Amino acid sequence: MRKLFYISIALSLTLSTNAQRVILESPQDVVNAFFKASSESNDSSRTAMFNAIFSASCQVNSINQRDSKNATSKLGSLSSFLEQSSSFYDSYSLAFDEVERSINYYEDIASVHSLVYQTVTEEKGIKTQYEQFLWYNFDLIYSDNGWLITSVSWINGIDSQPIDDALIQDTIWHTLKK
Amino acid sequence: MIVTSKHIVVFISFSMLALFSSKAQNSPFPYLNLMDEYFTNSSSEDKSIAGLFSEKAAIRTITYTENGSQELNTFSASAFEAELNTLRTDYNLFQEPVVLLSQGYGALETFFCSVHTRLVHKTDGDTIHLRSMQSFQLIINGGWKIHHLTIQNENLWSPISEQLWPKELTHAIGINPRTAPKESSESFDEYDPNKVYNTADVDEKPVYPGQPALFETLLETFDVVLSANNTHTPFTIEIQEDGLAELKYVNDLSGAQIEKAKSFVNSMLIWYPAIKDKASVRCKLIMYIQ
């Protein structure tokens, strides 16, 4: 599982400085584009696809939940994240099957939750496959006629706690002071 | 605060959570302690919020100009705190969450919440009420920290839904949050559908339909007048909310007068009813019959 996690966070992309932005008119389109980009094996295509759906000064955050009490996270910008994972796609291919998605939004901000089943396959050798559930949370904004990701965080499921819990929404009412 | 957690309803308050803050990581909802601290500290001049954010956290604000144009800004935690401190030069700032939609797993927790902000001017005490939607990403990074926060002030053309601004919680701060709710200086009687008003007590008296001559002809036909005199006996009719006329007080009338009064009322068209406080009300009229 640990190896699988490091594989999953090693989304190897190189930052393109002159990528053309694609206007996506719904948060759903952006999330679809994110998973499509994450699955893209061609370096330049993948890089362009990612840069088209992230805002300036966006954030990427991957969390490795090792057990119920221990977790580590890698935080950073999209560019720093891509730099740190440059060799990943040479060795592995990724596939995402989205299980469930929910969205909260108001006007120009949206928060999207997505539960996905990720399959990582070694490109060389015996082509070993690794599989795991991941929960993604995307923060998006609507700016200049389209939606963009401002922050994405994801975390892997562990055996001792059903990751489906991530999609159960708690509603909290706070009594206001007069 | 009411926490509807995995089908279990728990009643809890932010102030109660504060009691746990010294051992936040041991509390059942440690990420709620962080939210509590954020809203408490951001409402206090002498408390900092920068330490509640992760080192690389970003705060984005979306506001609108009066012509509806969007303004987007991105801050670090310290820059955001500086912005709040600038605002505090002139205003005391108070903000509280209203409804929080929470989802989480392991070391990642999210809140999508409606927030009520009060800006109280330090000199004249004028209060500005603001509504906003705020999206939080929280992570464990040396304890729970806010990693990303997006704040969108309410767009006047797109009010926040009742689900996120329920009357049960917000009635005390008024319906229109853009301006401070003010008590009306004019007292007015509450509308009572069962009350029968005198003509002096209504805003508009009942009006008989058609030309005035039509009503005058009706009066003449049944020997009825609208002013007291020595030859006519008083009685009352009541104009209902729907404009129907009913014969009421006839105790001073003879048997023949009562029958004539009945025919008089039955001959009437439907009135325009009396109006009080913009509502139709019942109203009595005194008339005199020969």
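Each chain gets a letter, A, B and so on, in the order the sequences are listed, and its residues count up from 1. Keep in mind it's a predicted model, so treat the numbers as computed, not measured.
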Checking Arg60(B) against Ser151(A): is there a side-chain donor and acceptor pair closer than 3.5 Å? no
Residue pair Asp108(A) / Gln70(B), side-chain donor-acceptor N/O under 3.5 Å: yes
Using a 3.5 Å distance criterion without hydrogens, assess whether the side chain of [X] forms a donor-acceptor pair with backbone atoms of [Y].
X         : Y         : answer
Gln65(A)  : Ala107(B) : yes
Tyr105(B) : Asp164(A) : no
His174(A) : Pro97(B)  : yes
Gln152(B) : Ile109(A) : yes
Glu107(A) : Glu154(B) : no
Tyr106(A) : Ser158(B) : yes

Walk me through it: do Ser135(B) and Asp139(A) pass the test side-chain hydrogen bond (donor to acceptor under 3.5 Å, both in side chains)? CA-CA 8 Å; Ser135(B) 180; Asp139(A) 267 343; 2.8 Å; yes
What part of [X] gets within 4.5 angstrom of chain A, counting heavy atoms only: side chain, backbone, both, or neither?
X         : answer
Ile62(B)  : side chain
Ile151(B) : neither
Leu101(B) : both
Leu108(B) : both
Phe94(B)  : neither
Glu168(B) : side chain

Interface moiety of [X] toward chain B, non-hydrogen atoms closer than 4.5 Å:
X         : answer
Ser73(A)  : side chain
Ser77(A)  : neither
Ser55(A)  : side chain
Ala166(A) : both

Answer yes or no: does atom NZ of Lys36(A) have more than 12 heavy-atom neighbours from other residues, nucleotides or ligands under 6.0 Å? no
